Amino acid sequence: MSGDHSKYDDEIDIFAFFETLWNGKWKIIATIFFVTLIGIVYTVNKPNTFRVTTPIEHGSQSVFLTHTSLNNFLKEKKLLYDEKTNVNGYQFNSREVFKMFVSEFNDYEEMIDVLSKNDFIKESLKELEGIGRQRALIGLAKSFKLSPPINKNRQYLLEFEWHDASEGTNLFKKAIAQTILNIQSTSIKNVNKLAKAIEIQNTRKLESLNKQLETIVRTQTLEDSKRLQYLREQFSVAKQLGIKTNKLDADAFKENPLSKNIPYYLIGYETIEKEMAIIKNRSNNDRMVLSPKYIEIKNQIISIENDLSSSHLRSASELIELDNPQNWVEFDFSLADIVSLKKTLLYVLSCLMLCGIFGSIYVLISHS
């Protein structure tokens with residue numbers, strides 16, 4: 001009997017609960033109406049924001065065909081970049097240029113510059129100056145992102161949130177175009193720096209080799225002075241002995257011309273005098289030719305003087321300057337996904353549901 005009585009009491013309580021809500025229905029409806037009306041007015045007047053997303057990737061390799069000779073030259077000179085063998089090298093192709101683009105864009109400088117020239121932004125930030133204005137611009141610039149791919153099969157994405165999808169797209173395009181121009185300028189400078197580095201290296205090598213030639217001249221001059229001193233002594237002896245012409249057996253002399261056992265004055269003072277005249281009349285070039293290292297050093301000098309590396313690199317930088325850099329990356333905002341972040345219907349439905357709940361709670365509390 002007690003169980004039936006408890007069940008009966010529960011039914012009475014539920015009935016009373018709904019009866020209370022029914023009696024307060026106008027309060028609930030009024031609460032829902034006024035709060036929802038306020039929510040609708042707020043939602044309608046709230047500025048809309050759009051999220052725009054489109055993929056971006058490096059330009060086609062065919063765009064960089066005109067620069068193949070540059071990469072071939074760098075490879076020949078062992079200056080070509082390789083992540084395993086030559087991390088300090090340089091390379092100019094679609095992938096390396098895109099890496100430069102990503103790095104350049106992510107410093108936000110170009111985006112900040114473009115935003116600072118926009119009329120809407122100027123009006124919005126007119127009260128701010130100095131650091132405050134710069135911070136505001138940085139915050140706005142971060143609304144424009146270059147997101148890396150999640151996995152190897154995905155592409156980089158251009159993403160931004162802005163109150164006007166068309167205006168945001170134009171701002172993004174301007175920042176991208178400015179970024180690419182900066183990459184072009186940087187690439188030209190990099191190639192010219194390589195050319196300048198080679199010129200400096202060759203100049204230093206030439207200075208060193210020419211110093212070696214000067215050393216050869218000085219060394220040979222000392223050798224000539226030593227030889228002249230010896231010949232003067234032999235000439236004096238031959239003159240005193242009256243040995244005018246060679247008194248040696250020609251065949252014996254040919255077999256061992258440097259033998260210390262054979263007095264040199266025996267060849268006669270006329271021959272010694274001629275040899276001294278030849279040594280005295282030698283030019284510096286003649287002295288250098290006598291050195292065994294001369295030919296080797298001279299060949300190195302000729303090789304460096306005929307080195308066209310720097311001129312090849314400067315020609316390559318001119319090609320980069322003549323190129324159209326806007327083809328170095330590929331993207332298309334006409335194919336972008338545009339999503340409105342203003343969910344009016346969702347806001348209204350959420351408001352209706354929450355207002356209904358809070359209105360019912362209010363009726364129940366006021367009744368109790």
Side-chain angles (χ1 to χ4, degrees), residues 35-59 97-150 154-186 324-351:
V35 175
T36 301
L37 182 62
I38 293 172
I40 291 172
V41 172
Y42 170 77
T43 303
V44 170
N45 291 317
K46 180 183 178 182
N48 197 0
T49 302
F50 298 90
R51 177 183 290 121
V52 181
T53 307
T54 193
I56 183 171
E57 61 182 350
H58 56 75
V97 166
F98 190 74
K99 286 181 184 178
M100 292 175 63
F101 171 79
V102 173
S103 176
E104 181 73 18
F105 183 85
N106 284 336
D107 64 12
Y108 294 114
E109 288 184 4
E110 292 80 12
M111 198 71 243
I112 291 171
D113 183 62
V114 170
L115 288 171
S116 65
K117 298 174 182 177
N118 179 261
D119 292 335
F120 175 79
I121 300 301
K122 286 181 181 178
E123 181 65 24
S124 301
L125 304 181
K126 64 181 180 180
E127 302 297 330
L128 297 176
E129 294 182 359
I131 296 176
R133 178 183 176 83
Q134 189 66 18
R135 286 177 177 174
L137 284 171
I138 292 172
L140 291 170
K142 289 182 177 179
S143 300
F144 297 80
K145 302 176 183 177
L146 180 58
S147 303
I150 299 173
R154 297 285 299 275
Q155 297 170 308
Y156 273 81
L157 291 178
L158 297 172
E159 300 179 86
F160 71 86
E161 293 181 8
W162 204 249
H163 65 279
D164 186 321
S166 178
E167 182 184 49
T169 298
N170 289 332
L171 290 171
F172 218 157
K173 284 181 177 179
K174 288 179 180 179
I176 291 171
Q178 190 168 319
T179 301
I180 295 172
L181 287 175
N182 288 344
I183 292 172
Q184 184 184 34
S185 177
T186 301
N324 179 13
Q326 302 306 320
N327 295 326
W328 291 357
V329 295
E330 293 182 357
F331 64 95
D332 189 352
F333 272 111
S334 66
L335 303 175
D337 294 327
I338 303 176
V339 179
S340 174
L341 300 181
K342 186 176 181 179
K343 310 293 184 181
T344 304
L345 180 59
L346 179 62
Y347 292 154
V348 171
L349 292 176
S350 299
C351 193

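None of the values given here were measured: they were computed from a predicted structure.
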Between atom [atom1] of [X] and atom [atom2] of [Y], what is the distance when rounded to the nearest 0.5 Å?
{"X": "Leu137", "Y": "Lys142", "atom1": "CG", "atom2": "NZ", "answer": "12.5 Å"}
{"X": "Leu115", "Y": "Ile138", "atom1": "CG", "atom2": "CD1", "answer": "11.0 Å"}
{"X": "Thr54", "Y": "Phe160", "atom1": "OG1", "atom2": "CZ", "answer": "10.0 Å"}
{"X": "Phe105", "Y": "Ile176", "atom1": "CZ", "atom2": "CD1", "answer": "6.0 Å"}
{"X": "Leu128", "Y": "Arg135", "atom1": "CG", "atom2": "CZ", "answer": "11.5 Å"}
{"X": "Thr169", "Y": "Lys173", "atom1": "OG1", "atom2": "NZ", "answer": "6.5 Å"}

(request) Would you sort out whether Asn182 and Glu110 count as a side chain to side chain contact (heavy atoms under 4.5 Å, CB included), showing the intermediate values? (result) CA-CA 9 Å; Asn182 288 344; Glu110 292 80 12; 2.7 Å; yes
If you compare all heavy atoms of [X] against all heavy atoms of [Y], which two are closest, and at what distance to 0.1 Å?
{"X": "Phe120", "Y": "His163", "value": "CE2-CE1, 3.3 Å"}
{"X": "Lys122", "Y": "Ser116", "value": "CE-O, 3.5 Å"}
{"X": "Arg133", "Y": "Leu125", "value": "NH1-O, 3.3 Å"}
{"X": "Ile180", "Y": "Pro325", "value": "CG2-O, 2.9 Å"}
{"X": "Lys117", "Y": "Asp113", "value": "NZ-OD2, 3.3 Å"}

Are [X] and [Y] close enough that some pair of their side-chain heavy atoms sits under 4.5 Å apart?
{"X": "Val114", "Y": "Gln178", "answer": "yes"}
{"X": "Phe50", "Y": "Val339", "answer": "no"}
{"X": "Asp337", "Y": "Val52", "answer": "no"}

(request) Evaluate the side-chain hydrogen bond (donor to acceptor under 3.5 Å, both in side chains) criterion for residues Asp332 and Ser334: first the C-alpha distance (whole Å), next the side-chain angles of each, then the deciding distance (0.1 Å), finally the verdict. (result) CA-CA 5 Å; Asp332 189 352; Ser334 66; 2.4 Å; yes
Between [X] and [Y], is there a donor-acceptor pair closer than 3.5 Å when you use the side chain of the first and the backbone of the second?
{"X": "Asn118", "Y": "Ile121", "result": "yes"}
{"X": "Asn106", "Y": "Val102", "result": "yes"}
{"X": "Ser185", "Y": "Leu181", "result": "no"}
{"X": "Ser103", "Y": "Lys99", "result": "no"}

(message) What I want to find out is whether Lys145 reaches Glu159 closely enough, with some N-O distance under 4.0 Å, to be called a salt bridge.
(response) no
(request) Go through the steps for Ile56 and Glu330 under the test side chain to side chain contact (heavy atoms under 4.5 Å, CB included), then give the verdict. (result) CA-CA 6 Å; Ile56 183 171; Glu330 293 182 357; over 6 Å; no
(request) May I ask you to decide if the ring planes of Phe144 and Trp162 are parallel, tilted or perpendicular, using 30° and 60° as cut-offs? (result) tilted
(message) Parallel, tilted or perpendicular: which one describes the rings of Phe333 and Phe331, with boundaries at 30° and 60°?
(response) perpendicular
(message) For His58 and Phe101, I'd like to know if the aromatic rings sit close, meaning centre-to-centre distance below 6.0 Å.
(response) no
